[in-house]
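The structure presented is a predicted model; accordingly, all values stated were derived computationally and were not measured.
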Amino acid sequence: MNPSIHLILGTALWAWTISKAQAFKMLDLFYEAGFRWIDAATNYPINKNADDFRAAERILNEWIKTHGVQDLKVLMKIGSINNLYTPENNLAPSFIQIIYSEYRHLFGEQLAEIMVHWDNREEAKTIEPTLEALDRIRKEGVKIGLSGIKHPSVYHELNASYGFDWDIQLKHNLVYSDYPRYADFHGKPRFLAYGINAGGLKFPTASYRKDSSTAVRNVPTEKYQELVRQVAAALAEYNARSSLAPLTRFNECSMVYTYYSPDIKGILIGPSKTEQLQSTLEFFQQLQAGQHQDLYHRLATLSANG
Ligand SMILES: NC(=O)c1ccc[n+]([C@@H]2O[C@H](COP(=O)([O-])OP(=O)(O)OC[C@H]3O[C@@H](n4cnc5c(N)ncnc54)[C@H](OP(=O)(O)O)[C@@H]3O)[C@@H](O)[C@H]2O)c1
């Protein structure tokens, strides 16, 4: 168990399947429960509707202004120049400086962390100027991180001269994990796991809505049916042996699997409804109480990452 693991509220579906009113309610609940970290990105929602570019961050900013909140911790992923789900981005120092200044202006001291969002480059000499720009931001007291890096070893080598203590966002769930790709960075809890439900998988007992996360993001649920069935069977066995209240959701299994995975520092949660957020926060308390470790070991034997 790692008691320092924290929850981060994701915003990828805001202004897409999650309306402003719903996002406001979830922010109210998350904040009132004492949580402060929010994950955002310039290109959220990535719904390929250019009119919605930066719409998720606008909702966040409006909520902050409406409530006069001053102690949020906003993690902003930068580099994207559109929300069309293309790999195009801009990590030139001038762009980083402009977008950083913009977010500093919008979020002030609540801008807690900046992450590079997607980098497919391989050549050290093209990546190094990005690190120089990030170094200037770090000097202003903002944490620096990485997300979606195709060649992490190049960042690792360059970092010998910079000494960044990166946080790294990675996809990590029962069907897939980026953890092996970041081998150079293993050995320290620095990883913030996203997509823990593989984009919204559910047990067969819960049906997928028309606007479910898997539907709008084209997650091939049939492909994962067998694994989901095995997870459900493992959970049924576990519930039968356990004296604790039975677990019922795929999301709970995802939380258990992520919580106990190596080097995890934070869990990005992506509830689409207040009720999902409420249940996630309640379940997180159970995790922090050290329950369900046995289930993790069982799930690890099923995961495709073993
Ligand atoms: N760094 C990156 O490149 C990157 C990439 C992806 C995401 N992220 C971040 O990580 C956050 C979460 O990612 P994700 O949306 O892909 O996560 P996810 O956990 O794999 O999928 C979220 C979906 O799971 C279902 N769910 C979540 N909590 C539930 C609960 N308590 N009960 C039942 N169902 C539940 C919901 O599906 P339904 O809506 O269908 O009910 C929800 O929309 C994003 O918002 C974003 O901030 C970062």
Next on the checklist: Applying side-chain hydrogen bond (donor to acceptor under 3.5 Å, both in side chains), can you list everything that pairs with D165, at least two apart in sequence or on another chain?
Outcome noted: K188, R190
Next on the checklist: Using 30° and 60° as the class boundaries, would you call the ring planes of F30 and F35 parallel, tilted or perpendicular?
Outcome noted: parallel
Checklist entry - Can any side-chain N or O of Q276 pair as donor or acceptor with the backbone N or O of S272 at less than 3.5 Å? => result yes
Checklist entry - Looking at CG of D51 and CG of N83, how far apart are the two atoms once the value is rounded to the nearest 0.5 Å? => result 9.0 Å
Checklist outcome for this item: In short, salt bridge (Lys or Arg N to Asp or Glu O under 4.0 Å) pairs touching residues 25-34 with sequence neighbours left out are none
Checklist entry - Got a sec: does the NZ of K20 have more than 12 other heavy atoms crowding it under 6.0 Å? => result no
Next on the checklist: Main chain of G195, side chain of N173: is a donor-acceptor contact present, judged purely on distance under 3.5 Å?
Outcome noted: yes
Item to check | Heavy atoms of other groups near Y85 OH, more than 12 under 6.0 Å | outcome: no
Checklist entry - How would you list, by chain and number, every residue that makes a side-chain contact (heavy atoms from CB on, under 4.5 Å) with N197, sequence neighbours excluded? => result F250, N251, S254
Item to check | From CA spacing to verdict: salt bridge (charged side-chain N to carboxylate O under 4.0 Å, His left out), K139, D135 | outcome: CA-CA 6 Å; K139 289 186 176 122; D135 194 31; 3.1 Å; yes
Checklist entry - Counting only heavy atoms not in K273, do more than 12 fall under 6.0 Å of its NZ? => result yes
Next on the checklist: According to side-chain contact (heavy atoms from CB on, under 4.5 Å), who are the partners of E122, at least two apart in sequence or on a separate chain?
Outcome noted: H151
Next on the checklist: Is it the case that the side chain of N120 and the backbone of K150 share a donor-acceptor pair, with hydrogens and angles ignored and the cut-off at 3.5 Å?
Outcome noted: no
Next on the checklist: Determine whether a donor-acceptor pair (N or O, by modelled atom type, separation under 3.5 Å) exists between the side chain of N239 and the backbone of L247.
Outcome noted: yes
Checklist entry - Okay, side chain of D263, backbone of G187: is any donor-acceptor separation there less than 3.5 Å? => result yes
Next on the checklist: Measuring from atom CD of E113 to atom CE of M76, what distance do you get when rounded to the nearest 0.5 angstrom?
Outcome noted: 12.0 Å
Checklist entry - What pairs with Y238 under side-chain hydrogen bond (donor to acceptor under 3.5 Å, both in side chains), at least two apart in sequence or on another chain? => result H292
Checklist entry - To the nearest 0.5 Å, how far apart are CD1 in I168 and CE in M115? => result 8.0 Å
Checklist entry - Is it true that atom NE2 of H105 has more than 12 heavy atoms of other residues, nucleotides or ligands lying nearer than 6.0 Å? => result no
Checklist outcome for this item: side-chain contact (heavy atoms from CB on, under 4.5 Å) filter on S261, not counting sequence neighbours, yields H172, Y257, I264, Y296
Item to check | Over 12 non-hydrogen atoms of neighbours within 6.0 angstrom of NZ in K77 | outcome: yes
Checklist entry - In Å, rounded to the nearest 0.5 Å, how long is the span from CD of E140 to CD of E109? => result 9.5 Å
Checklist outcome for this item: CZ of F185 to CG of L170, rounded to nearest 0.5 Å, is 12.0 Å
Next on the checklist: Counting only heavy atoms not in E226 (residues, nucleotides, ligands), do more than 12 fall under 6.0 Å from its CD?
Outcome noted: yes
Checklist entry - What heavy-atom pair brings D178 and Y194 nearest, and what distance separates the two atoms? => result OD2-OH, 4.2 Å
Checklist entry - Are H186 and Y179 an aromatic pair by the rule of ring centers under 6.0 Å? => result yes
